[in-house]
Each structure stands twice: as C-alpha cells, then as structure tokens.
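Report on the structure given below.
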4 protein chains.
Amino acid sequence: MSGSTIGKIFQVTTWGESHGKAVGVVIDGCPPRMPLDEDRIQAMLNRRRPGASIASTQRREKDRALICSGVFDGLTTGTPILIMVKNKDAKSSAYEPYADIYRPGHGDYTYESKYGIRDWRGGGRASARETVGRVAAGAVAKALLERFGVSVQAYTIELGGIRAEQRNLEEADQNAFLCPDMKAAEAMESRIADIKKNGDSAGGVVEIVATGVPKGLGDPVFDKLDADLAKALMSIGAVKGVEIGAGFQACRLLGSQNNDAITPQGFASNNAGGILAGISNGEDIIMRVGVKPIPSISIEQQTIDKENRRQTLSVRGRHDIAAIPRINVVCEAMVHIVLADHLLRQQVLNAI
Amino acid sequence: MSGSTIGKIFQVTTWGESHGKAVGVVIDGCPPRMPLDEDRIQAMLNRRRPGASIASTQRREKDRALICSGVFDGLTTGTPILIMVKNKDAKSSAYEPYADIYRPGHGDYTYESKYGIRDWRGGGRASARETVGRVAAGAVAKALLERFGVSVQAYTIELGGIRAEQRNLEEADQNAFLCPDMKAAEAMESRIADIKKNGDSAGGVVEIVATGVPKGLGDPVFDKLDADLAKALMSIGAVKGVEIGAGFQACRLLGSQNNDAITPQGFASNNAGGILAGISNGEDIIMRVGVKPIPSISIEQQTIDKENRRQTLSVRGRHDIAAIPRINVVCEAMVHIVLADHLLRQQVLNAI
Amino acid sequence: MSGSTIGKIFQVTTWGESHGKAVGVVIDGCPPRMPLDEDRIQAMLNRRRPGASIASTQRREKDRALICSGVFDGLTTGTPILIMVKNKDAKSSAYEPYADIYRPGHGDYTYESKYGIRDWRGGGRASARETVGRVAAGAVAKALLERFGVSVQAYTIELGGIRAEQRNLEEADQNAFLCPDMKAAEAMESRIADIKKNGDSAGGVVEIVATGVPKGLGDPVFDKLDADLAKALMSIGAVKGVEIGAGFQACRLLGSQNNDAITPQGFASNNAGGILAGISNGEDIIMRVGVKPIPSISIEQQTIDKENRRQTLSVRGRHDIAAIPRINVVCEAMVHIVLADHLLRQQVLNAI
Amino acid sequence: MSGSTIGKIFQVTTWGESHGKAVGVVIDGCPPRMPLDEDRIQAMLNRRRPGASIASTQRREKDRALICSGVFDGLTTGTPILIMVKNKDAKSSAYEPYADIYRPGHGDYTYESKYGIRDWRGGGRASARETVGRVAAGAVAKALLERFGVSVQAYTIELGGIRAEQRNLEEADQNAFLCPDMKAAEAMESRIADIKKNGDSAGGVVEIVATGVPKGLGDPVFDKLDADLAKALMSIGAVKGVEIGAGFQACRLLGSQNNDAITPQGFASNNAGGILAGISNGEDIIMRVGVKPIPSISIEQQTIDKENRRQTLSVRGRHDIAAIPRINVVCEAMVHIVLADHLLRQQVLNAI
C-alpha cells in the first residue's frame, strides 16, 4: 500500500533505502516563483549529519543534495521537485549477520511479517536514512513558511534521564545536544558517555515550538492541526508519544486552571499550545515528543531468527547512542511540512 | 477545506452540527456481504449517551440511528453507508449568550478566525455531538474487525488526579467511570462530586487496548499504524496527548530495558505497545490519551467578545464535568476505524 | 472500495440507492460565507425531474431537497453540507422479476460479479436516481462559480440520429429536448415517438459549454482540466465517449488547421476547446459526450439468470426512452463540480 | 497544486522537465515479492524511443532506466520504486527563440498564465519527455498484470486521414505505424511523407484493447473503470477525445441494437467495450483516443509574445510529425496503470 506520502496540497513522498542507489523525496504542490537552490537544502541536511555530538554515529555521509526537477533559474516552477542524495558510504557487509536475525526494537520482524521480504542492508527502508528525504522536504517547507513569518525550533528538554531546567532557546544551538540549558547539556554529555561505555543507549524528550503561525490553520474534524502534527511526529522512527501544550499534564489540572483566558491583547496563558478545537489560535504552537532509546545496543539481547530459533545478539558497528539530537531536525522538518500544507490549504478559504 | 474524512479505504466522513437538522456519517469502502443493522449501531450510540455517570450532562438525547443507504436485506452492499441521527433535544436559546462571546478553551475563537462565521448553537460543528457520526462508523468498523478476532477496549486510568492502581479490565464495565479499579472509581466519584460543587471541571487519562490485531498492519513511512492512531485519537476534541506502549516513560529507560526481547513464543515484554517501525507485531496494541478538563465551567472566566471587548463569562447549563467517561467510546470508535482501514489496506499485499 | 467521492478540495460524496430510505450527497470543502438555501438546490433538482419530454419516464418524484448541515443563517459555514432527498415513489415490487435476471446493458451482471450482492430494487446504486446527489452538489458548485462569472450550459445536439444544424443556445430552453435548433427538436420529438411505439430506445450527443472560466485552471500532469472533466463526464451512467474542442475531428486536421492562432485580442479559433496542455486558456470550454440508448426496452432480449440459465426479458414499466434530456442537467452538474474544485485549487497558487 | 499523482493504491507520481537533470517516476503501492529489473523497464522505454517511424523526431535519447529504490535482490519490496532516466541530449539553445513567444497549440501560454513562470527549455514539464515516467510506471504495472493474465495492446487505426480497414493485430508490430492493416500502413507512410514535406503535421486515432481483465474491476460511482481510463488517457498530451466500446457510434444505435445480449457462454456482442455500469464484465476492454496533430510545425503561424505583441512563428528543429506511433506505448502505459490500480483495489473486497 502507498503510505509514503504526507500532505494534501504540499505533498511529500519520500523514497529510498539505506543501502540502495539513493534516497530522496518528491514534493508536489509547492507554489511557483519561490527562490530555491541546493545550498538551502544542503544546509538542513548538514544539520542532521552525524558526528556533532558523542551521541551520534561516526558514519560519514557526504550527503550532497541534488535538485533534479521543479526549479528553473533559481525559482520553483510549481511542478514536482525531486531532490535526491546518493548513497555512498554504505557497508552492507556489516549488516549481513542481521539478514536472518531480527534485531529487538527494530522493524526487522514486522517488515518481514508484513511484506514477506525486506532489504536488510542497513535497515533498508526502516533506516533513519529515510529521513534525508524528510529533511530535504522540510527545507523547502521552511523556505515557504519564512515568507509568512513562521519559524520552528526543536530542542532537547530531556536526555538519558537528565532534564533541562531552563528554556534559554539561544543556548540550544551552543551545545551538541541542542539543549536550552547549558548545565543540563553538560550533565547529558557525561550521562551519555557512561551509557556508551556500557554498550547501552538512551532516550529523551524533544520540544518543538512554532512561532508566527497565523490563526486559522487546521481543518476539523479529522485534519485538525494537532491531529496532523501528531501523525507527522509519530511517524518518526523513535517517537512513542506526542503532546500539545500542557499535554498529559493538562489532564491533572482543573478546567479553571487549564483554560487560557482571552484578553483584548491575546491569550493570557498557553496551556492549549496554540491550538483550540484543532485550529491555530495565533499563539506559539508547542509540541513535545517522547523518543525511545536507540534499539541497537552492544549489550547481548535475546531474539530469534527467520526459522524461529533462539539467538543472542549484540549489535556492533557505528550506531547512535541516542536518536537525540539528530532527530531534532527531523522533528522540525515534519512540523515545517505540516504547517506548509495547512498554510496552503487555508488559501482556499479566501476564495470568496 | 475538506478535513471531514478519515481513512483511505474504509473512508469515514462525518457531517452535522450540534443544533442542525441531524448529525451523521457516510462510510464508503466497507466490504459487501457483512451483516449490519440499526440495532448494532444503536448499541454503540447508547454507550456514548450522557447520564450514566455524574460526570456527564443530563441532556437527554434520544439518538435513534437510521441507516439510509448501503445495506440491503441486512447485509452491506459495498456502497456508501449513510447513518444519521436526528437532532431533537436542542435548546439553541441557551447558547445565545455565547453567540458573540468566545468561551475560553472552546473552538469559538478559532472557528471564527478561520471561517469568518460559525454556528454558535451548541458549539456547532465543534460540539461533542459530532462524535455521534464517529461512534456510528466505529460500530461498523467493529463489526468488520470482529470477523478477524480483533477487539478494542477503552478504560479510565486517571480522572481528576485519581489514578487506577490496577487493570482489572472486567471491573471497568462495572462502574460509571469505566475504571478498571473499583476502589479508584469510588475515589473518582467523590472527587468529581467536589469539583462539580465548585463549578469546575476535570481531566484524566484513558488507556485503549486492541487485542487480536494481526501482524503486518501499518504502512510506512507516513501511514504507520501508530501515526494513524495518533492522528485519529488527537482528532478527538479534548485530547492533548497520545502515547503508544511505554510512551513518554520509554524515554527514561535504557535501550537494554526498553527493547522487547523476542522468543520463539513471541515478545517477552511489550514496551513497544504492539507496534514496531509503524507495523503491528502481533502483541496487544496499547495507547493512552491525555484528556483535558471540559472548558465549560460555571466559575467566572475572563474573555473577549467579537468586538474584542473584555467580558466575563460563567457557563451555565447542562455540561459534562469531564469528557471521561463519554470520550472512552469515542476513543474505541477511532481505534476501530483506523484498524479496519489498515486491515483492508493489508489485503492488497496478498494480491500476488 | 471507496469510489463515491470526486474532487480534491471541493469534495463531493454521493450516497443512496434508488429504493432505499433516501439519496443524497455530502459536500466537504465548500468555502464559508456563501449564501445557500434549499430553494437553490431544489431549482436544479426540478430540472432533472422526469416528465418534461416524451423521452422521459412518468414516474413522479416529489424530490424535496433538505439541507441537514453546513449552512447557518443562510450562509455556508465551511463545514460539510449534507443534502438529502427522501425516496417516496418507489415501487420495488415492479423490479422483483429482475431480482434474479440480469438486464442487458445494465449493471445487474457486473454489480453481482463485483460485490456478490446487489440491491436489485430499482437498479439500486446503479440507478439514475443516484444523480440526485450529483445535481444537488452541482447546484452548490454553480452558486460558487457564479461569483466568479462562470456559467455552464448543456444542450442536445443529436438524438435518435437527428442532429441539430444550429447552435441557437437560447432556443435550447424552449423545447423539451434542450436542443438549440427548434426544427431539429421537432424532428427529435417525432423520432422518439416512433421509437417509443416500437418499445425501443435511443441515444444521442450532448454538448456542454462553460463560459467565463478564468485562465490557469487545471493541474498537470494527471489532474489536467480536460482529464478531470473526462472522468467526471464518463462517470455518468450512459456516457460512452467524451471529447474536448474539435475532439475526434481534430485528428483529421493538419497541424496548420488545428492550431489556434494567438492574437493580442485572444485566440483566433477554439479547436482546443478552451484547454491547452490541460490548463484553461480563457476561451469557452467545449465538451461533447456520447450517450448510449437506454438499455431498458420492452423489445424481447436474450439474457441469463443468476443460475446462468437462458432467459428472455422484456422490460416493462416506466422508463425513459432516452437519457437525454434528463442527463443534460447531470452533465452540467459534473462540469460545475470539476470547475469549482479546480477554481479552489487554483487559489493555492496565489499563496506567495 | 499537486496533480502529478495518479492511482489510489498503485500510486504513480511522475516528475521532471524535458531539459532538467532527469525525468522519472515514483511508484508507491506496488505489492512486494514481484520480480522486477531495469531491463524490463528499459524494454518499454525503448518502445517509446523516437526514430522508428518517419513520423518521429530524430532526437537520440539514450534513455537508460535506473531503479534507485524499492527493489532488492531482483524483487520488489513493497516500498516506493524510484525510476529515473537522466536527460542527456538536451539542446536548450534551440528553444531560446521560444522563451518569450507562445507556440500555438502548446502549453506555453497556459503554463505562463497559471504559474507565472515556466521552464521553456524543450517544453519543460509539458514536454512529451514527461511520458518517460509514465512508460516506466506502465512497465511495472504490466509486470503485475501479466501475473493475472491481463494484456494490453495499442494500435493505430487512423493517421493523417488514412483509416485501417482491418484489425490484424499481429500486423501492428510489423510496421512503423503500429497499424493492424499493412496496406493502410503503407498509405500512412506516403501521407506522412507528404505532410512532412509541407512542414505540417498530422493526427489520428489509436485503439487500445485490454484482454483477460477479470470481472468486477471499477469502483462506482465516480471511480468507475471507464471514468478512470478516460481520465488517464485524456491526461496524455495530444489526446482530445476518448471513447469506450461502440463509443460515439453507440449514440446512433437503438437500444435493441446497442444492448449486448447475455448468454450462458458470455456476452453475444461487445458494444459496451467490456464495461457495464463502470465495472468490467469479463469481455475485452476496448478504448479509442483521438490524437490531435503535433502543434510544432514549420509553416508560419500567428502568435504573440510575453508582451502581448504580434509575432509570427515557424517552429524549426527536430519534431515528430505525428504523436502517433510514439503515443501508442504511452496509451498502453496509462491503461496498464489504471488496471493495476483497480486490480489491487479489488483485493479489498475479498477481505470477508
């Protein structure tokens, strides 16, 4: 079935496996006459590149974004934009031991169950490498959103059990973990180093804020803005939970505490996280995602092979210790994509 | 824009406003030759009816489900199934005070921002009355899923700050709060009575479990089963957070703790909540949603009117104190709808 | 499968069988704040009503359009518009002989093959009665298009072998066959009377012209305006061919004859029928559909029953002799629907 | 807007401009475990290559199909299949004269009207080069259909006014015009030579037959099989008319002549062209498309430039004289794509 497309107007279709010839994306529905070049895409791809923090793999991906269609003389033409990145540094042989063994916590078992076949090289389609296409599309969406004054930032508020106590967003770009609390960032570094030494892995929480979002985005009753954001974020590999505004904490408040009073100057608080009844209300949109620990660990685990025989497994090779902070840019990309789609959808309402 | 449809094959489109002539749903894509009658739909609608718990409004909705198309001689025909429920007990006049005032926490402000018009009677399209269509469609999906041995149950694990300490699912149907812990249910009753006395409202957490789901459902990379479930659940009015399996708690575990070991007899644990890489793995699918407190409270609140003037507001009339437990059957309905859609989608893979 | 919806933004979903409780339509995606009332819908439904010409059945359908949702205070609200018409004059017993026999030229055989069940009463879902929903949706689309100065007219240019020699469009409303050539209309009347006497039926050609269509509608490469019009028109029961502009005649011309020269004042001719490369060019959009003869005839025919046994069949009862002229308003409706959808889609391009 | 995708389950998205880096297609929804390799795609691309007949341009496209994703060990994996062909032989400079002048009969004027920008090199997105992606996707669809015994053949029944008097389908592959009447093919050759000498161009009619199509394909009421075929065929650049079975001729027949009698052995005739009420009936599906003459001619034409000034234009360079016979393989591809999509959709009905 065809589940590789997201968006109704700004339609994003990713394609590609970890160790195939290339990975990439087709974006159909981007408005014409918007400046776009490969450097813009590349800048975003660089941000998802491994190596910046000790949580990330040392695999060197010299990802070069190629725009193959949809752009002419530096402007979008309104036709499909194909962006591809060739796969270069792919050591398939390192994955051969896993051709017949299902790695716990990975999609090996379920892909095999569903399709009866799977490209086991590097995780195939289930690899985080697929997010190259998402990030490239996110870069295009970001270019569109900037024209409307919308910006999106994802930052780490928890990692390996260490929580950020502050939200100094400008600090988030000053440490490898994208944490808005330098002190917490230092504790994270030390915590991750310990976990790495033990051959284990860690999870955490990423918060994403979108500012400048105009009122009125979101299409009830099913394509509500929060519903589409939840889907987009939950579609990211390691994400196991999504919340908006006060989120799960809201359920412990009374109505009188949780309701955001409205004043002539705007909302007095933002427990709603910028979305009421599925429609943006002009306040910052605030989201949080729970990110599970990376399933590939060198600690020995129990599993089975294709013949349903017991096996033990210790995953060697270059792997991230945590999906954070590389997942942050993917979260930003997904939010960019959803907002761009809804911003374009909203144009239709101005028809008459 | 057209956001009232969910599902790709089992397509559900709800329509109707709280105080219009009727509310209902069209289901297109239900397989033919499946037994279906109005009693089946009615049984589910009765479950969402108010009055069972003190948390719910006393509004008497004599909802009678009418199947207007798509069923012949007691069997589905494969053509669109239109189910409608006439609106009867609608006191629009009670809402007149809110025609020009935006109730905090409600969609009044955002609907007006988006559409430039809103049916203010009873909340219009943003009313929980819209869920009549969802529950009716859920009943059809449930009928389909039963043939495959799939069942879904939603129960209350937290309400007004009171948490269930046990998961005796058979107890969940024995108290008005659908709580799988009778002792907690009693505490909830007393807590809700207090909150009601104060003119305030409460939120909580609903857990939903789907059992018997076959392996292989879900269409990566965007229509993953968890992504579609997250969207469906987040599209319910009061829901502010969704998590799968260990959810946000998973992010505090190490990889060695969170990974579910695989044995020849199945998974040794279920932190994944039955979904790996967006595809069902044969284990129970476990979801939790955070439900915010009902925004309509009689405690006075600050707000504005259409002319952007300060107003104070105290919402009188018949309102639920908590969306729980009435929201539980809506959660079940949405999960039924998503699973039915993916179960049908999966048939395509067996083509060759 | 779910094939009852057309349109991407202005989404139209018809539902209902000939002899069920009701037939109707849900329209999702109609912009808000547009005046709409039941009289407007009714006026269009009255035009598809039988009885105006001798080609049509004498069945009296007192179709009363009910708007059940999506309209408040006489204005659309941007939410789904449900329009229904109750089925009243339904003599199911007249169809009992055909419960087990497949009428040649009808969908009986194929519906049974596809679904393994069919509502044989009055043709069920395959009945022309389904077009009530199309015409109601067309009336809404027409209301939208009028605001942009777009109008659509369908008229008969051939019936029972008699061709209109003129295109006096104002004459088309002055005869029962909607023929823009009064003389031809008289010949048609006499021809149809003969055919009726023989218990046979006739086909013809309907031409549809849309004027005032702005330049730029249509979304290559698959949702071209002519492609979407072709689909919409071919989806009408009796239509077996669709052509645009010079159509099949264009293939007999040389390039130098067929190309429409462009001048500072516009196109010098309109062989293209108002569409170039799938996009409207500002000229009139001209379409023609070939309409097959009504398959229900009283002349005896060879067929089989459900047990694959030979049967002879002579269809009695009230039937049209020709789908023309009742099909004309359905053609208009489909063109209205497609143009409204593309007009709204085009708004997106003005985003930046 | 996003109009570059066709199909609901077997989803085909073409991308690329004539003189961009590459053209290609993403196919999402192809079932897993189906043998597929580049040779299979290449074989079909070779058939659309120019040069086989004197009607075609001498431009040498060394189209090499590259499968970049979705295939592993020679089998499809159920993930998106990206097929690309690099653009090599692109002389953009030859098109510079047309950067500011609208060629009559081409999309230059309408693309500019719609998007406010166009890639004028080689016709950009409106170039027939876009059909590379269609043909590649058609090859995949064909591989799928072969497993079900379905085959599709397109052949020329009229060109430049010369009609085939016979349907010897085996002869169709024995002449450059794919005409099932060798004598007519000879006359076509001489006729085309004359037209070429005059700097003019020609149109014609292509007939397409699909055999072995199982009963039951097609999803009323809008996604009828004939409706989807009409859309797919009309979406091909030069097509101005589509008919099914007896088509426009059916409208001149009486019901008693047009109805296909049903016998225990099948249908006694096939005026319906294999489709009744939008659903395949097990007979051959017969379609015809009217193909307009190629608009690029060296005869001088009147047109305007971007400043709305009169211009005369004589299109030099390498151009086909007729879209036939190169369009035939594109027609086959589109029919393959639609049938594959509907064949997969039909699987859903077997769910229960």
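Here is the naming used below: chain letters follow the sequence lines, and residue numbers restart at 1 for every chain. This is a predicted model, so every value here is computed, not measured.
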Between Pro31(C), Gly7(C), Pro32(C), Gly24(C), which residue shows the highest count of heavy-atom pairs closer than 4.5 Å to chain B?
Pro32(C)
Does any heavy atom of chain B fall under 4.5 Å from the side chain of Ile67(C), the backbone, both, or neither of them?
backbone
Between Thr303(C) and Arg103(C) (side chain of the first, backbone of the second, donor and acceptor by atom type, cut-off under 3.5 Å), is there such a pair?
no
Between Leu66(B), Thr76(B), Asp119(B), which shows the greatest number of heavy-atom pairs under 4.5 Å with chain C?
Asp119(B)
Is the closest side-chain donor-acceptor distance between Asn87(B) and His19(B) under 3.5 Å?
no
Arg125(B) versus Thr14(B), side-chain donor and acceptor atoms under 3.5 Å
yes
Please identify, among Gly116(B), Ala22(B), Gly20(B), the residue contributing the most non-hydrogen atom pairs under 4.5 Å to chain C.
Gly116(B)
If you measure only the distance, is there a donor-acceptor pair under 3.5 Å linking the side chains of Thr79(C) and Glu17(B)?
yes
Please classify the contact between Thr13(B) and chain C as side chain, backbone, both or neither, with a heavy-atom cut-off of under 4.5 Å.
side chain
Does Asp341(B) pair with Arg345(B) as a salt bridge, N-O distance under 4.0 Å?
yes
